Visitor: 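Mind looking over this structure? Questions follow.
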Number of protein chains: 2
Amino acid sequence: MSQQEVSTRSRRTSHPKSAITRQRILDAAARAFSLKGYAATTINDIAMTAEMQGGSIYYHFESKDDILQEVLDVGITRVFSAVRLAVGSLPASSAFSEKLEAAVTAHLTMLLQQSDYTSANIRVFEQAPAAVKRQNRKLRAAYGEYWGRLLSEGQRAGAIRRDVDLMVLRLLLLGAMNWAATWYRPGDLAVSELAQNVCDIVLNGAGLDSNHLERSSKGRRARS
Amino acid sequence: MSQQEVSTRSRRTSHPKSAITRQRILDAAARAFSLKGYAATTINDIAMTAEMQGGSIYYHFESKDDILQEVLDVGITRVFSAVRLAVGSLPASSAFSEKLEAAVTAHLTMLLQQSDYTSANIRVFEQAPAAVKRQNRKLRAAYGEYWGRLLSEGQRAGAIRRDVDLMVLRLLLLGAMNWAATWYRPGDLAVSELAQNVCDIVLNGAGLDSNHLERSSKGRRARS
DNA sequence: TAGCGTATCTAACGGCCATTCGAAATTGGC
DNA sequence: GCCAATTTCGAATGGCCGTTAGATACGCTA
């Protein structure tokens with residue numbers, strides 16, 4: 001039984017044909033998850049858009065959870081790559097505000113119009129079984145740390161006030177972006193415009209630049 | 001059959017005993033929905049924490065969807081009331097920044113520590129059946145318009161720059177807050193502190209108040 | 001304490017859905 | 001065009017879950 005153990009797994013010696021079908025299934029699943037949630041999408045939903053029979057999916061995947069795992073992981077991997085690429089392909093001398101806008105634009109573009117995987121991740125992660133979440137959280141953590149470094153670099157460069165809690169800033173920024181998956185509909189507002197607005201508000205504030213000094217002493221935190 | 005039509009409905013002439021059990025069920029449901037999502041919580045989950053048998057629930061509610069509807073509606077009603085109360089009980093002469101902080105604090109408090117109904121709403125709305133969503137959206141719209149008026153008032157009072165798109169600002173703000181339901185865990189950071197940080201960043205910006213004028217001409221929007 | 005409305009229990013039904021499995025079909029190498 | 005491996009089919013299984021309904025218990029009033 002020790003040699004059997006492996007033979008039951010799907011995704012054996014990845015034959016070229018199979019890989020394409022796999023993609024088709026994952027694409028269908030990502031879209032369905034993103035639209036209807038995890039529990040509400042059935043294996044047959046996925047199979048139908050992938051143009052096959054429900055049972056056939058189990059030749060490529062071990063379980064529905066398995067599919068979810070892969071969709072979620074790809075979702076993070078994609079935003080992460082896109083953001084890293086966008087920021088990385090800027091001249092090293094770029095101002096922090098430019099890097100930020102590049103990162104925000106890339107994140108929003110992936111989430112809102114390019115990747116069903118990323119939007120599935122954002123919409124469905126909370127519904128995932130514990131084991132699936134646990135694994136995906138590793139990728140999420142790495143992505144979050146990337147943003148942390150980006151902001152911390154901006155702070156060291158003097159582009160971000162020293163009394164701003166970077167953790168809160170990061171969560172606020174990512175939260176504002178991710179929540180857009182809930183309400184954004186293409187048409188009214190271009191993603192790049194949205195990104196500019198978000199960066200503008202977060203960096204410069206929505207208020208008039210008047211009272212930076214007249215704030216009361218209590219309640220402001222210098223460090224964590 | 002026309003007189004039967006009504007007799008099948010639950011919640012008849014609200015006897016005092018029944019009302020309490022109803023609450024117990026709704027409380028259990030709100031908590032369960034908020035923790036596990038809608039599809040993943042079974043009627044028996046709800047029944048168990050409400051200390052009764054699954055079938056008994058149908059004496060008080062017509063269907064699972066019915067429970068969800070009520071939980072979602074109560075969720076919005078509660079934040080709305082809390083925010084309106086917090087802002088309304090401020091002296092009329094208060095600065096906009098104070099009103100904003102009161103509103104943000106109230107919203108976050110409800111969402112993160114006071115009401116399972118509100119957090120259930122935020123976490124589960126997207127998974128709800130179309131009919132349930134449609135009804136709840138009315139309440140959501142009213143709540144959103146309240147924030148819209150608050151911000152627009154702030155802008156007229158000169159506390160918000162005129163070139164800020166209020167719709168984006170509102171969605172950014174609510175998004176940042178609602179997303180906190182995903183990551184906030186009590187202990188590290190008090191809700192009031194979080195609220196202060198959020199208001200600070202949104203109003204004053206995280207950046208140094210340097211380049212308000214040196215921005216390039218393209219990409220800035222004066223109106224919608 | 002008898003009796004009536006209220007509330008809960010219990011068991012069952014019916015449907016849906018993830019998953020399995022053996023048979024059929026398809027493919028690629030020779 | 002044949003064989004073996006790869007892929008898909010299609011029907012069946014088993015379990016879970018929302019919902020129903022009749023029987024049972026509870027609580028109050030007279």
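All values reported here derive from a predicted model rather than from experimental measurement. Keep in mind that the numbers below use all heavy atoms, side chains included, and drop hydrogens, waters and symmetry copies. Letters go in sequence order (proteins before strands), and every chain restarts at 1.
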Visitor: Please report, rounded to the nearest Å, how far the P atom of C:dC9 is from the CD atom of B:Glu51.
Guide: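 The distance from CD of B:Glu51 to P of C:dC9 comes to 10 Å, rounded to the nearest Å.
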
Visitor: So, is A:Thr21 close to the D:dT8 phosphate, meaning a side-chain N or O under 4.0 Å from OP1 or OP2?
Guide: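 For A:Thr21, the contact criterion (side-chain N or O under 4.0 Å from OP1 or OP2 of D:dT8) is met.
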
Visitor: Taking the six-membered ring for Trp, are A:His107 and A:Trp147 parallel (under 30°), tilted (30 to 60°) or perpendicular (over 60°)?
Guide: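 It falls in the perpendicular class, over 60°.
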
Visitor: Considering only side-chain heavy atoms of A:Gln53, which listed nucleotide, C:dT8, D:dG10, D:dT8, is closest?
Guide: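 The nucleotide sitting nearest to the side chain is D:dG10.
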
Visitor: Within a radius of less than 6.0 Å around CZ of A:Arg123, do more than 12 heavy atoms belonging to other residues, nucleotides or ligands occur?
Guide: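 Check passes, neighbour count above 12.
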
Visitor: Rounded to whole angstroms, how far apart are CD1 on A:Ile20 and P on D:dT6?
Guide: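 Taking CD1 of A:Ile20 and P of D:dT6, I get 17 Å after rounding.
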
Visitor: Which of residues 27-48 of chain B sit near DNA chain D, with a heavy atom under 4.0 Å from it?
Guide: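 Correct list: B:Thr41, B:Thr42, B:Ile43.
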
Visitor: Grab the CZ-C1' distance between B:Phe61 and C:dA7 for me, whole Å please.
Guide: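 After rounding, the gap between these two atoms is 14 Å.
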
Visitor: Pick the nucleotide of DNA chain C nearest each of B:Gly54 and A:Ser63; which residue has the one closer to the 5' end?
Guide: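 Result of the comparison: B:Gly54.
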
Visitor: Counting side-chain heavy atoms from CB outward, which of D:dT19, C:dT19, C:dT8 is closest to B:Arg24?
Guide: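 For the B:Arg24 side chain, the nearest candidate turns out to be C:dT8.
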
Visitor: Using whole Å, what does the distance between atom C1' of nucleotide C:dC17 and atom CG of A:Leu68 come to?
Guide: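 So the two atoms are 17 Å apart, to the nearest Å.
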
Visitor: Is the phosphate of D:dC9, meaning OP1 or OP2, less than 4.0 Å from a side-chain N or O of A:Ser56?
Guide: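 Checking D:dC9 against A:Ser56, a side-chain N or O does come within under 4.0 Å of OP1 or OP2.
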
Visitor: Looking at every heavy atom in both B:Met177 and B:Leu111, which two are closest together, and how far apart are they?
Guide: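 The pair with the smallest heavy-atom distance is O-CD2, 3.5 Å.
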
Visitor: To the nearest Å, give me how far apart OH (A:Tyr58) and C1' (C:dT19) are.
Guide: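 A:Tyr58 atom OH is separated from C:dT19 atom C1' by 5 Å.
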
Visitor: Taking atom CD of A:Glu51 as the centre, report whether more than 12 heavy atoms of other residues, nucleotides or ligands fall under 6.0 Å from it.
Guide: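 Not buried by this count: 12 neighbours or fewer within 6.0 Å.
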
Visitor: Could you state the CD1-P distance from A:Ile57 to C:dC21, rounded to the nearest angstrom?
Guide: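 It works out to 18 Å between those atoms.
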
Visitor: Taking the side chain of A:His60 as heavy atoms from C-beta outward, which of D:dT8, C:dT8, C:dT19 is closest to it?
Guide: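 Among the listed nucleotides, the one closest to the side chain of A:His60 is D:dT8.
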
Visitor: Rounded to the nearest Å, what distance is computed from the OH atom of residue A:Tyr59 to the C1' atom of nucleotide D:dT7?
Guide: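 Distance, rounded to whole Å: 6 Å.
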
Visitor: Just how far is it from atom CZ of B:Phe96 to atom CG of B:Leu150, taken to the nearest 0.5 Å?
Guide: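 It is 5.5 Å, given to the nearest 0.5 Å.
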
Visitor: Between the side chain of B:Tyr143 and the main-chain N/O of B:Thr77, is any donor-acceptor distance below 3.5 Å?
Guide: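 Checking the backbone N and O of B:Thr77 against the side chain of B:Tyr143, no donor-acceptor pair under 3.5 Å is found.
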
Visitor: I want to verify a distance call: between C:dA18, D:dT8, C:dC9, whose nearest atom is closest to the A:Met52 side chain?
Guide: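 So the side chain of A:Met52 is nearest to D:dT8.
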
Visitor: Decide whether B:Asp73 and B:Asn136 meet the rule of one side-chain donor and one side-chain acceptor closer than 3.5 Å.
Guide: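 Result is yes, a qualifying pair exists.
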
